[in-house]
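Here is the naming used below: chain letters follow the sequence lines, and residue numbers restart at 1 for every chain.
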Amino acid sequence: MRKPSCDINKNKGTWSQEEDQKLIDYVNKHGDVCWSTLPQAAGLLRCGKSCRLRWMNYLRPDLKRGNFAEDEEDLIIKLHALLGNRWSLIAGRLPGRTDNEVKNYWNSHIRKKLISKGMDQNNHGLNHKMISPLQNSFMSNSSESFGLKEISKTSKTQVENYGEISNASSGEDIESYALLDINLELSL
DNA sequence: AAGTAATGCAACCGCCGAATG
DNA sequence: ACATTCGGCGGTTGCATTACT
């Protein structure tokens, strides 16, 4: 039996200011941390996963917070049409945004918007036969030209399996896909 | 003003793959 | 080769706030 990832006897729920400060102080002092040992070392009654989540989603100094700009929203819609619910990949294209934030924003705002416009929330009316090769192209280039953090094999495999694997990544084909209103230059 | 419904978002849960022993 | 641990991810839950009656 696998043991629970988090100790049920530990704190749960909203983080207090004191807890946040302890976490910030510890990470600032030690830099890269081992999340599994951090709670004890930092004097926190939380599990490592909870600490990591808190840091990644809310305490990191490079986070933007606040409302999404219109261009950010557009980009999310386009990337979602391309990648599906790969929130971490989508968030990777949006500096200062987290996967959780993007996911929440999608579920609470964009999805409703698309539904109210009568658009398919999954592919937004785009033809998957056209999207799939583009996905491959995106994924194969992503870690280099797009400056993405390394994409896990999992994600890559899942995206590859998402549609037909085609050999349509040639320059010519890509050009035709550019007809789609998906600007993968992404000025990103 | 009080009660209820809807909404937004922070946090948790469970699963997976990679790394390690 | 196998078991275990860890970090990371997407889906879901539940609480706090806001809107409505």
Student: Report the distance from atom CD of Glu101(A) to atom C1' of dC9(C), rounded to the nearest whole Å.
Tutor: 17 Å
Student: Look at Trp87(A) and dG11(C) and indicate whether a side-chain polar atom (N or O) is within less than 4.0 Å of OP1 or OP2.
Tutor: yes
Student: Report yes if at least one side-chain N or O of Ser108(A) is closer than 4.0 Å to OP1 or OP2 of dT7(B); otherwise report no.
Tutor: no
Student: With a 4.0 Å limit, can you tell me whether Arg52(A) has a side-chain N or O closer than that to the phosphate oxygens OP1/OP2 of dG8(C)?
Tutor: yes
Student: In whole angstroms, how far is the C1' atom of dT7(B) from the CD1 atom of Ile110(A)?
Tutor: 16 Å
Student: Does Lys112(A) contact dG8(B) through a side-chain donor or acceptor facing the base, at a distance under 3.5 Å?
Tutor: no
Student: How long is the line joining CH2 of Trp106(A) and P of dG11(C), in whole Å?
Tutor: 12 Å
Student: CG/Leu94(A) to CG/Leu89(A) distance, rounded to the nearest 0.5 angstrom?
Tutor: 11.5 Å
Student: It should be established whether Ser50(A) places a side-chain nitrogen or oxygen under 4.0 Å from OP1 or OP2 of nucleotide dC12(B).
Tutor: yes
Student: Check step by step if salt bridge (charged side-chain N to carboxylate O under 4.0 Å, His left out) holds for Glu73(A) and Lys113(A).
Tutor: CA-CA 11 Å; Glu73(A) 187 176 312; Lys113(A) 217 173 181 176; 2.4 Å; yes
Student: Of the listed nucleotides (dG8(C), dC9(B), dG10(C)), which one gets closest to any side-chain atom of Ser88(A)?
Tutor: dG10(C)
Student: Give a yes or no on whether Leu83(A) and Phe68(A) share a hydrophobic cluster (residues Ile, Leu, Val, Met, Phe, Trp, Tyr; joining criterion: side-chain heavy atoms under 4.5 Å apart).
Tutor: yes
Student: Are Arg65(A) and dA10(B) close enough that a side-chain N or O sits under 4.0 Å from OP1 or OP2?
Tutor: yes
Student: Would you work out how much the helix from dA2(B)-dT21(C) to dG21(B)-dC2(C) bends between its ends, with each end axis defined by five base pairs, to 10 degrees?
Tutor: 10°
Student: Distance from Trp35(A) atom CH2 to Leu53(A) atom CG, nearest 0.5 Å?
Tutor: 10.0 Å
Student: For Leu45(A) and dA11(B), give me the distance from atom CG to atom C1', rounded to whole Å.
Tutor: 17 Å
Student: Of the candidate nucleotides dG11(C), dA11(B), dG8(B), which contains the atom at the shortest distance from the side chain of Lys103(A)?
Tutor: dG11(C)
Student: For the pair made of CG in Leu89(A) and C1' in dG8(C), what is the distance, rounded to whole Å?
Tutor: 12 Å
Student: Kindly say if Asn57(A) contacts the phosphate of dA10(B), meaning a side-chain N or O under 4.0 Å from OP1 or OP2.
Tutor: no
Student: Within less than 4.0 Å of OP1 or OP2 of dC12(B), is there a side-chain N or O belonging to Arg46(A)?
Tutor: yes
Student: How many Å lie between CH2 on Trp15(A) and P on dC9(B), as a whole number?
Tutor: 21 Å
Student: Check Cys51(A) against Leu23(A) and note the closest heavy-atom contact, atom names and distance.
Tutor: O-CD2, 3.5 Å
Student: What does Tyr58(A) touch in the nucleic acid at a heavy-atom separation under 4.0 angstrom: a base, only the sugar-phosphate, or nothing?
Tutor: base
Student: Pick the closest DNA chain C nucleotide for Thr14(A) and for Ser36(A) by heavy atoms, then say which residue is nearer the 5' end.
Tutor: Ser36(A)
Student: Quick check for you: to the nearest 0.5 Å, what is the distance between Ser88(A) atom OG and Lys103(A) atom NZ?
Tutor: 9.5 Å
Student: Let me see the working for Glu101(A) and Asn57(A) under side chain to side chain contact (heavy atoms under 4.5 Å, CB included), right down to the final yes or no.
Tutor: CA-CA 8 Å; Glu101(A) 206 177 1; Asn57(A) 286 339; over 6 Å; no
Student: Is it the case that over 12 heavy atoms from other parts of the model lie below 6.0 angstrom from the CG atom of Asn67(A)?
Tutor: no
Student: Tell me which residues in residues 66-74 of chain A lie within less than 4.0 Å of DNA chain B, going by non-hydrogen atoms.
Tutor: none
Student: Rounded to whole Å, how long is the line connecting atom CG of Asn107(A) with atom P of dT12(C)?
Tutor: 9 Å
Student: Send over the distance from Asn104(A) CG to dA6(B) P, rounded to a whole Å.
Tutor: 20 Å
Student: From the set dG7(C), dC15(B), dA10(B), return the single nucleotide nearest to any side-chain atom of Lys49(A).
Tutor: dC15(B)
Student: Kindly determine whether Leu63(A) and Arg97(A) satisfy side chain to side chain contact (heavy atoms under 4.5 Å, CB included), including the steps that lead there.
Tutor: CA-CA 6 Å; Leu63(A) 293 180; Arg97(A) 301 296 187 183; over 6 Å; no
Student: Testing the basics here: between Asp99(A) and Ala91(A), what is the closest heavy-atom pair and its distance to 0.1 Å?
Tutor: N-CB, 3.4 Å
Student: Calculate, to the nearest 0.5 Å, the distance between atoms CD1 and CD belonging to Ile24(A) and Gln17(A) respectively.
Tutor: 9.5 Å
